[in-house]
Amino acid sequence: MKLDLLVLAVHPDDAELGCSGSIIKHIAQGKKVGIVDFTQGELGTRGTIETRAAEAEASSKIMGLHARENIKIRDGFFKNDEEHQLEVVKMVRKYQPEIILTNALYDRHPDHGRASELANDAIFLSGLRRVQTTVDGVEQQPWRPRLVLQYIQDTYIKPDIIVDISEQMEQKIAAIRAFKTQFDSPSEDEPQTYISTPGFLQSVIARAREMGKNIGAEYGEGFTSRKLLGVDNLFDLR
């Protein structure tokens, strides 16, 4: 399946937190959107691989995703090396997206910045015809998207562009809450974590309000770009 927009996320729930409003918005516009999670989030303090997978499936249905898969690299210990780059190259070539959204350039969680670098390097390699990959015995063709952006996660990074998600905010929160073991979920059996307290989800909402305020909207999601961005029409900007 060819996708218009592909989100690369190192942990299940990263896409929901960072850019699910934009995902939902573009699906409503008729775009085909998918997510490739790198790890199963197996180092997470709460929940299990199985519960996280079920939560990701539930969240995918809320967002209306056209595809989601997990390449199951090692949480916390993966490297930006040839082995892992080629796994990501296969996904880029499989879905042939026009736009890719990846993890933040840097963040509180070290996996996020490392995954962003891994994705960036793999996306470049994906466009080289002498980098050969096969899936199910079929040789893949080179592919490079026309645009790569990074969503902003826990650490504030000044965005290069902000997407108005005012109409999608309620659905975004529902997609996040689908990860019941992770967010705003008191439990006597598992310890509280940085993200499981009610305050964390409130900070996500506050960040969206802050981003939206900068463009005259109620809620927004910010993105960074490693290159300068261009537009055909100045009247498309606000």
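In what follows, every heavy atom counts, from backbone to side chain, and hydrogens, waters and symmetry copies are set aside. On a predicted model such as this, the values are computed, not experimentally measured, just so you know.
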Between Lys172 and Glu221, is a salt bridge (charged side-chain N to carboxylate O under 4.0 Å, His left out) present by the stated rule, with each step listed?
CA-CA 11 Å; Lys172 173 187 174 83; Glu221 285 177 342; 2.7 Å; yes

Are Arg52 and Asp13 close enough, and set up right, to give a salt bridge (charged side-chain N to carboxylate O under 4.0 Å, His left out), and what steps lead you there?
CA-CA 9 Å; Arg52 189 72 74 93; Asp13 74 25; 3.6 Å; yes

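- The side-chain contact (heavy atoms from CB on, under 4.5 Å) check on Arg129 picks up Pro142, with sequence neighbours excluded.
- Taking the ring pair (Phe, Tyr, Trp, His ring centres under 6.0 Å) definition, one finds that Tyr156 meets it with nothing, sequence neighbours left out.
- Checked by atom type, the side-chain pair Asp154/His109 shows no donor-acceptor distance below 3.5 Å.
- With respect to Glu98 and Lys2, a salt bridge is recorded, a charged nitrogen being found less than 4.0 Å from a carboxylate O.
- Partners of Glu117 according to the salt bridge (charged side-chain N to carboxylate O under 4.0 Å, His left out) rule, which considers only residues two or more places apart in sequence or in another chain, are Arg226.
- Every residue was checked against the side-chain hydrogen bond (donor to acceptor under 3.5 Å, both in side chains) condition with Lys61, not counting sequence neighbours, and none meets it.
- With sequence neighbours excluded, the residues that form a side-chain contact (heavy atoms from CB on, under 4.5 Å) with Ala208 are Met169, Tyr219.
- A search for salt bridge (charged side-chain N to carboxylate O under 4.0 Å, His left out) contacts involving Glu170 returns nothing, not counting sequence neighbours.
- Ring centers of Phe200 and Tyr194: under 6.0 Å apart, within the cut-off.
- For Asp121, the salt bridge (charged side-chain N to carboxylate O under 4.0 Å, His left out) test picks out no residue, with sequence neighbours left out.
- Judged by a 6.0 Å distance limit and a 45° cone about the ring axis, Arg74 is not positioned over the six-membered ring of Phe78.
- With sequence neighbours excluded, no residue forms a ring pair (Phe, Tyr, Trp, His ring centres under 6.0 Å) with His84.
- Within the 3.5 Å criterion, the main-chain N or O of Asn103 finds a donor-acceptor partner in the side chain of Ser116.
- Remark: Asp111 engages Arg114 in a salt bridge (charged side-chain N to carboxylate O under 4.0 Å, His left out) (not counting sequence neighbours).
- Under the side-chain hydrogen bond (donor to acceptor under 3.5 Å, both in side chains) criterion, Asn70 pairs with no residue, sequence neighbours left out.
- Between Phe183 and Phe179, the two ring planes are perpendicular [angle over 60°; tilted spans 30° to 60°].
- The side-chain contact (heavy atoms from CB on, under 4.5 Å) test applied to Ser60 returns Leu65, Arg68, not counting sequence neighbours.
- Partners of Gln140 by side-chain contact (heavy atoms from CB on, under 4.5 Å), not counting sequence neighbours, listed by chain and number: Lys90, Arg93, Lys94, Thr133, Val135.
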